[in-house]
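The structure appears below as structure tokens.
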Amino acid sequence: MQPEYAIRTVNLQRTYKTKERVLKALDGVDLAVRPGELFGFLGPNGAGKTTTIKILTTLLLPSGGTAEVWGFDVLHEADAVRRHINMVSGGESSGYGLLTVRENLWMFTQFHGMDSKLANKRIDELLEVMGLADRAKTRVSFLSTGLRQKMNYIRGLLTDPDVLFLDEPTLGLDVEAARTLRTYTRHWLDTNPGKTVVLTTHYMQEADELCDRVAIISGGTILACDTPTSLKYSLQQDVVFRLFTTPVAPAFLQAVEQIEGVQSISQRSGDQRDELSLILRDDAILPQVLSQLATHNAGLLSLEKRQPTLEDVFVNLVGHSLSESETTA
Amino acid sequence: MQRFLQAFRVGAWLGWKTESNWTNPLFYILWSLLLPMSNGLIMTMMLRVLQRTGNSSGADLLPYVFIGTVVYSIVALLLDSMAWAVLEDRERMGMLKYIAITPSSMYGYLWGRGFAKVSINFLAVPLTLTFGALVLDIPIRLSTINWPLLLVVVVLGLLIVTFAAQILAGVTLMIARHAGFVGQAVSGALYLFTGALFPITVLPNWMQVIARAVPLTYWLEGMRRALWVDAQNPVYNTGLNQLSTTNLLLILLASAVAMAVISIPLQRRAEHRAKEKGLLDMNTAY
């Protein structure tokens with residue numbers, strides 16, 4: 001029977017204690033994900049995305065609050081939770097190198113108690129879909145990182161989980177492989193009503209394209225949670241500009257932030273030029289920003305007014321861009 | 001129970017694949033034989049040298065040393081097997097977390113890995129003992145082996161070592177990669193204390209107390225009694241000659257029960273602690 005919520009957390013908390021300090025990885029996360037949703041966690045490294053996934057997959061105990069997956073408590077009904085979930089993590093080269101691709105996949109179906117004949121049928125189908133059919137008998141140690149990641153993605157789907165956790169699944173994949181994985185994830189959800197996917201990513205476009213709803217998480221707190229369209233719509237009353245300039249100094253950014261009506265400014269430094277994302281309350285504030293450019297001896301190369309993106313939403317909520325967060329992390 | 005057996009089967013299958021698959025079968029069989037055989041030969045040579053230099057007590061301890069050393073090779077392998085599986089799966093393969101989130105039994109899986117390791121290497125024990133009987137004239141004869149005793153002692157001994165291995169796996173779950181030495185260190189220490197190499201009576205008194213508290217001391221004694229008809233002869237002064245075989249078996253049975261009672265909750269506690277501290281997917285990367 002399908003539960004009301006595929007995932008439900010209330011005031012979920014997690015702290016890591018070291019000799020030097022206590023780190024709050026999750027600080028009161030409230031979530032409600034319905035069956036059938038593709039739910040995204042968007043945030044920089046260290047935001048709390050993976051910690052949340054670890055708790056929901058029963059790998060880590062919460063320090064406080066409650067979490068339920070498919071109606072079962074992760075703390076007291078972990079075995080029941082495990083019957084309904086699977087997980088794929090990206091950016092790692094896991095797998096038993098001495099086993100073939102088929103053997104690796106078959107082994108995990110057996111951990112889930114699947115009938116061997118059914119398991120092999122599903123393995124064949126998914127190998128075909130992911131373009132790995134000709135590698136079924138190849139030892140995993142001979143696979144590239146990208147192919148291993150595809151194999152791991154198949155492992156996640158093989159057991160037909162009710163809730164599939166994809167933790168940065170496209171990390172390290174080439175464009176084509178990432179697209180295949182995204183397309184199939186959407187297809188899997190469309191053809192299996194009620195199945196739920198929880199995706200963590202720090203690729204804005206991935207979250208925008210794939211997710212029904214996105215939670216923007218930073219510092220262990222959810223700052224906003226809505227559909228990508230609604231999140232972007234929240235910025236519709238603001239004006240978003242993209243400026244390319246000669247390199248600007250931190251003092252310029254500080255000066256711009258002081259101007260009344262500037263919602264946020266973020267900087268991405270490139271080769272000989274900077275890209276600035278600027279969110280203003282209205283167009284009339286732009287001349288003041290441009291005059292600051294001149295004051296700080298920077299030149300304007302191009303200027304473009306554009307529709308808000310998830311990145312803009314993120315900058316507006318967090319105060320800096322995702323790439324800046326990662327540099328800091 | 002079904003989950004345990006299911007995980008055991010997969011663990012044994014994976015253990016078989018990864019333990020025996022790294023080279024061609026002929027080399028593997030040779031390696032499996034040469035390891036205990038060379039240990040046995042080294043001990044034999046050392047003993048002969050000692051006897052020739054006049055330090056002999058008069059009794060020929062060769063059968064004692066040879067049987068102890070060969071049988072102990074299985075102890076060392078099994079004791080380390082589960083801890084090694086934890087380390088390999090967690091740090092090298094990055095797969096422990098994926099096993100941990102399945103509905104299968106972690107204990108069943110680890111027992112399967114241990115079983116695979118022992119089964120693959122078990123054949124080396126009778127083969128090496130046969131080599132000892134034929135080449136070194138160790139007094140082991142098919143007609144004098146106490147088969148029922150051998151069967152009971154082997155089963156009880158393997159249970160004791162398996163539960164001990166489970167404790168080490170639990171410890172390994174909670175610490176970093178250098179835990180790989182825990183299994184080796186424990187099996188090394190026990191080699192000294194269990195009378196594998198020499199009778200425990202040669203140890204200082206305080207060490208004898210420890211040796212008598214270690215169940216494996218009784219297991220090796222039981223194995224010697226089953227294989228070697230003269231094992232209980234007082235001339236060898238093993239320190240356990242006076243102990244009747246019935247009492248020895250009772251000690252082994254009680255030890256197996258005690259180890260089960262200790263190791264199962266300890267493993268559960270270790271798993272809980274690992275989840276509490278986020279260690280199930282730890283990668284120390286050194």
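A note on names: the letters A, B, ... follow the listed sequences, proteins ahead of strands, and every chain is numbered from 1. Since the structure is predicted, the reported quantities are computational estimates derived from the model, not experimental observations.
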Check: Heavy-atom distance under 4.5 Å between the side chains of A:E103 and B:W13, does that happen here?
Finding: yes
Notebook entry, point to check: Passes side-chain contact (heavy atoms from CB on, under 4.5 Å), A:L99 versus B:L14? Steps please.
Noted result: CA-CA 9 Å; A:L99 301 186; B:L14 178 63; 3.6 Å; yes
Next item on the list: May I ask you to name which of B:L280, B:L279, B:V10 has the most heavy-atom pairs under 4.5 Å with chain A?
Entry: B:V10
Margin query: With rounding to the nearest 0.5 angstrom, report the OH to CG distance, B:Y98 to A:N152.
Written below: 5.5 Å
Next item on the list: Kindly compute the distance separating NE2 (B:H272) from CG (A:L75), expressed to the nearest 0.5 Å.
Entry: 7.0 Å
Notebook entry, point to check: For A:Y96, does the OH atom have more than 12 heavy-atom neighbours from other residues, nucleotides or ligands under 6.0 Å away?
Noted result: yes
Can I get a per-line list of side-chain donor-acceptor pairs under 3.5 Å for residues 110-122 of chain A, giving both atom names and the distance, sequence neighbours left out?
| from | atom 1 | to | atom 2 | distance (Å) |
| --- | --- | --- | --- | --- |
| A:Q110 | OE1 | B:R9 | NH2 | 3.2 |
| A:Q110 | NE2 | A:M114 | O | 3.4 |
| A:D115 | OD2 | A:K117 | N | 3.3 |
| A:D115 | OD2 | A:L118 | N | 3.1 |
| A:S116 | OG | A:W106 | NE1 | 2.8 |
| A:N120 | OD1 | A:R102 | NH1 | 3.2 |
| A:N120 | ND2 | A:S116 | O | 3.2 |
| A:R122 | NH1 | A:L158 | O | 2.7 |

Next item on the list: Could you go through the side-chain contact (heavy atoms from CB on, under 4.5 Å) check for B:M95 and A:F108 one step at a time?
Entry: CA-CA 10 Å; B:M95 298 305 277; A:F108 273 92; 3.3 Å; yes
Item checked: Reported CD1-to-CD1 distance for the pair A:I85 and B:I101, which is rounded to 0.5 angstrom -> 4.5 Å
Check: Counting heavy atoms not belonging to A:F142, are there more than 12 under 6.0 Å from its CZ?
Finding: no
Checklist line | Minimum-distance pair of heavy atoms, taken over all atoms of B:K275 and A:A78 | finding: NZ-CB, 4.4 Å
Margin query: Report, in residue-number order, which members of residues 55-62 of chain A are under 4.5 Å from chain B by heavy-atom distance.
Written below: A:T57, A:T58, A:L59, A:L60, A:L61
Checklist line | Atom pair OG1 (B:T102) and CE (A:M107), whose distance is rounded to the nearest 0.5 Å | finding: 9.5 Å
Check: Between A:V140, A:V88, A:D79, which shows the greatest number of heavy-atom pairs under 4.5 Å with chain B?
Finding: A:D79
Notebook entry, point to check: For A:S89, is it the side chain, the backbone, both, or neither that has a heavy atom closer than 4.5 Å to a heavy atom of chain B?
Noted result: both
Next item on the list: List the steps and the verdict of side-chain contact (heavy atoms from CB on, under 4.5 Å) for B:K97 and A:M87.
Entry: CA-CA 9 Å; B:K97 62 179 174 183; A:M87 174 180 70; 4.1 Å; yes
Item checked: Between B:S104, B:G278, B:P103, the one whose heavy-atom pairs under 4.5 Å with chain A are most numerous -> B:P103
